2 protein chains.
Amino acid sequence: MTPQELKARLGESARMVESYLAECLHGRNIPEGLLKAMEYSLLAGGKRLRPVLCLAVAQMMGLEPSRVLPFASSIEFIHTYSLVHDDLPAMDNDDLRRGKPSNHKMFGEASAILAGDGLLTEAFAVMGSVAGDIPADRVVRAMVEVATAAGSGGMVGGQQLDMEYTGRDGVSYDELRGMHAMKTGALIRCSCLSGAILAGASEEDNQRIRIYGEAIGAAFQIVDDILDEVGDEAQLGKPVGSDIEQGKTTYPSLMGIDRSRELAQQHVDRAIEQLRPYEGPDADFLRCLAQYIVDRVS
Amino acid sequence: MTPQELKARLGESARMVESYLAECLHGRNIPEGLLKAMEYSLLAGGKRLRPVLCLAVAQMMGLEPSRVLPFASSIEFIHTYSLVHDDLPAMDNDDLRRGKPSNHKMFGEASAILAGDGLLTEAFAVMGSVAGDIPADRVVRAMVEVATAAGSGGMVGGQQLDMEYTGRDGVSYDELRGMHAMKTGALIRCSCLSGAILAGASEEDNQRIRIYGEAIGAAFQIVDDILDEVGDEAQLGKPVGSDIEQGKTTYPSLMGIDRSRELAQQHVDRAIEQLRPYEGPDADFLRCLAQYIVDRVS
């Protein structure tokens, strides 16, 4: 797969998610002010990496994208809610997100809290809606995976640890890695794994996909840390160096940029290794996608 | 059923929920600081009305309480998260909850936001866990009911409307009723309905239980408004008159105390009417429970 082909497929898949997201909150009896706040953040762009992963894995395992699209897109609800709440004054206090005013700057804190709560809750209503198209036992299992990954032993717990570590000296590599595995890794992992579960993959396949997701999640976070130091402000949509300024330990601050890059590549290699048994365009796409994560900073 | 018998069964059922809640967050990899904040609010007492309703309806429809207990208890996670977020300074700014400092007063705003997020997300992991004991198609359907009732077209949307109406003159009866049907009614309704769905009740039974839940939810809110005016501070755990002070329209402010009481009784009568086809101790319990809601203020 050439870089052009990868980008074309990434774009095509993200557009599919985008059209779903643009429609899916309508007809749900949501008060207008709340709907506006929810859609402001949900439709603010972004790579839609998590749904794209879920769709690609499901497709590689034999499930058509149209059947898994609502479930895959609902993971973007969860990702979006986490950004809205993380930006709040009491949390990271970020005024900008993707180059635009963050949700609470536009709608006020109360509506931003509720928009986040609404997105998180609606995600599970949407996930459950695929049970007409996909056997219910798979749907429940995938929902439990997502809830566990997004919950207090996963993403929410990771945000708590991130706050506890911020400004603290001597955060170790293991602590940093464990925190990120929860804060960003778990949701990326379950985006992949839920695709496999919904497709009815074997336990061996599920295990390979779980490791693939874990590994690209780890690589993704290291690259994010690198970009925060050497990236382009316009492209990032936020000031470079904000991690250091906020007193956060990062991979580059622990081991330098070069070693961080190497580590990210090792995770990517591990991810690609897990895909060895699979052939065809979907497997190729997932392999190239893994490498693409690191290529952003090389 | 005598008042003593009603109280005994209420207590027994609440204690069953209580023991489950006291254990269920352990072994889930939750960072200690976050777990403390979650359990502080989750284990702060309360009538556990929503799980009790879910258990009783399921039992009336033939499902043993032990099989539905995790699902029923998870609705209390959702109720608790909503209280934690509603108390935040950006929302209702309440320093007290059930006579104790509210969550953000104890743990700070950031942890209170995360504790709420964690409780909400964990609820769905726990709900899904009953799929080993109960057919998965019922479990998914019940989860979708809960997510829809708790989400932006239900509880979260109702809180948004409540904020929009607060301080506004001329809120009508229909607006007040619609807002409360979302803010408190939806979760009470789905506590009942999910019990019926999990038990595999017929669509006719589901419809009766849905109306029962809606009606007691409406009665419950009217009684809450009355208690805010004439209740006992020690028993309420918050100052009497706080609704009026905050500029909220209430049933008594629209129609006076006596007419509000009558209206609550009408809802209770409608709820009891729906239970006519059912016999046995569980149906008796649900009938007495409906009347008990209004008897608190008569």
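Note that the structure is a prediction, hence the values are computed from the model and not measured. By convention in this document, chain letters (A, B, ...) are assigned in the order of the sequence lines, proteins followed by strands, and residues within each chain are numbered from 1.
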(Q) If we define contacts as heavy-atom pairs under 4.5 Å, which of B:Arg138, B:Met143, B:Arg28 has the most with chain A? (A) B:Met143
Q: Against chain B, label A:Leu34 side chain, backbone, both or neither, depending on which of its atoms sit under 4.5 Å from a heavy atom there.
A: both
(Q) Taking side chain as everything from C-beta outward and backbone as N, CA, C, O, which of these in B:Met155 sits under 4.5 Å from a heavy atom of chain A? Side chain, backbone, both or neither. (A) neither
Q. Looking at B:Gln160 and A:Pro31, what are the two nearest heavy atoms and their distance?
A. CG-CB, 4.4 Å
Q. Do the side chain of A:Glu122 and the main chain of B:Ser152 share a donor and acceptor less than 3.5 angstrom apart?
A. yes
Q) Using non-hydrogen atoms only, which part of A:Leu88 is less than 4.5 Å away from chain B: side chain, backbone, both, or neither? A) side chain
Q: Could you check which of B:Leu114, B:Val144, B:Ile78 has the highest count of heavy-atom pairs closer than 4.5 Å to chain A?
A: B:Leu114
**Q.** B:Met127 versus chain A, the contacting section by heavy-atom distance below 4.5 Å
**A.** neither
Q: Please name the residue in the list A:Thr148, A:Leu120, A:Val146 that meets the side-chain contact (heavy atoms from CB on, under 4.5 Å) test with B:Thr121.
A: A:Leu120
(Q) Once ring pair (Phe, Tyr, Trp, His ring centres under 6.0 Å) is applied, do any residues pair with B:Tyr165, and if so which ones, sequence neighbours excluded? (A) none
Q) A:His85, A:His104, A:Glu109: which one forms the most heavy-atom pairs within less than 4.5 Å of chain B? A) A:His85
Q | Which portion of A:Met182 sits near chain B, non-hydrogen atoms under 4.5 angstrom | A | side chain
Q) So, do A:Val140 and B:Val130 sit near enough that their side-chain heavy atoms are less than 4.5 Å apart? A) no
Q: State, to 0.1 Å, how close A:Gly33 and B:Glu164 come at their nearest heavy-atom pair, and which atoms those are.
A: CA-OE2, 4.2 Å
Q. Counting heavy-atom pairs under 4.5 Å to chain B, which of A:Asp117, A:Ile113, A:Val139 comes out on top?
A. A:Asp117
Q: Kindly write out the residues that satisfy ring pair (Phe, Tyr, Trp, His ring centres under 6.0 Å) with A:Phe124, not counting sequence neighbours, or none if the list is empty.
A: B:Phe124
**Q.** Side chain, backbone, both or neither of A:Glu145 within contact of chain B (heavy atoms, under 4.5 Å)
**A.** neither
Q.
So which atom in A:Ala90 and which in B:Ala110 form the shortest heavy-atom distance, rounded to 0.1 Å?
A. O-CB, 3.3 Å
Q | Contact origin within B:Ser82 toward chain A - heavy atom pairs under 4.5 Å | A | neither
